[in-house]
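Residue numbers start at 1 and run along the sequence shown.
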Amino acid sequence: MGGLARMLAGPVLWAVLFSAVYALHGLGCEWGWQARPTPLGPLHPLAMRLLWLAGLAGHLALILGNHGTGRRGAALVRAGNWIGFTSSLVTLFPLVATSSCAAG
């Protein structure tokens with residue numbers, strides 16, 4: 001993977017995860033998943049939380065394994081990965097922590 005791709009991997013993963021979690025939110029609300037029980041709670045928040053956690057795991061994999069070349073390159077790659085992780089954590093937490101489907 002090239003230097004620019006490594007630097008942008010974290011923010012790109014955030015963008016994909018953000019879009020996927022919000023899409024799952026809309027689909028889950030539309031399809032009534034909030035009323036479908038599972039052993040771990042309603043399907044809708046469970047599905048969104050599992051996707052979010054999988055994305056955070058992907059971010060951690062990038063942080064631990066995606067290093068740039070040279071001192072400056074490595075610092076930029078590290079910064080990009082941390083920016084993506086923090087963005088995914090902060091921007092999606094309110095959505096996966098609360099129920100926001102409108103009633104009927």
Check whether [X] and [Y] end up in the same hydrophobic cluster, where Ile, Leu, Val, Met, Phe, Trp and Tyr are linked by side-chain heavy atoms less than 4.5 Å apart.
X: L51; Y: L92; result: yes
X: V12; Y: M7; result: yes
X: L46; Y: F93; result: no
X: W14; Y: V96; result: yes
X: M48; Y: L27; result: yes

(message) So W52 and L89, do their side chains get closer than 4.5 Å, heavy atoms only?
(response) yes
(message) Within the 4.5 Å heavy-atom criterion, are P42 and R36 side-chain neighbours or not?
(response) no
Write down the atom of [X], the atom of [Y], and the distance for their closest heavy-atom approach.
X: R6; Y: N81; answer: O-OD1, 4.1 Å
X: L17; Y: G55; answer: CD2-CA, 3.7 Å
X: G80; Y: P11; answer: O-CD, 3.2 Å
X: H44; Y: Q34; answer: CB-N, 3.5 Å

Would you give the length of the straight line joining atom [atom1] of [X] to atom [atom2] of [Y], rounded to the nearest 0.5 angstrom?
X: H25; Y: C101; atom1: NE2; atom2: SG; result: 4.5 Å
X: S87; Y: L13; atom1: OG; atom2: CG; result: 10.5 Å
X: L24; Y: C29; atom1: CG; atom2: SG; result: 9.5 Å
X: L40; Y: L50; atom1: CG; atom2: CG; result: 8.0 Å

(request) Could you point out which residue of L56, L62, I63 forms a side chain to side chain contact (heavy atoms under 4.5 Å, CB included) with L60? (result) I63
(message) Would you call the rings of F18 and Y22 parallel, tilted or perpendicular, taking 30° and 60° as the class edges?
(response) tilted
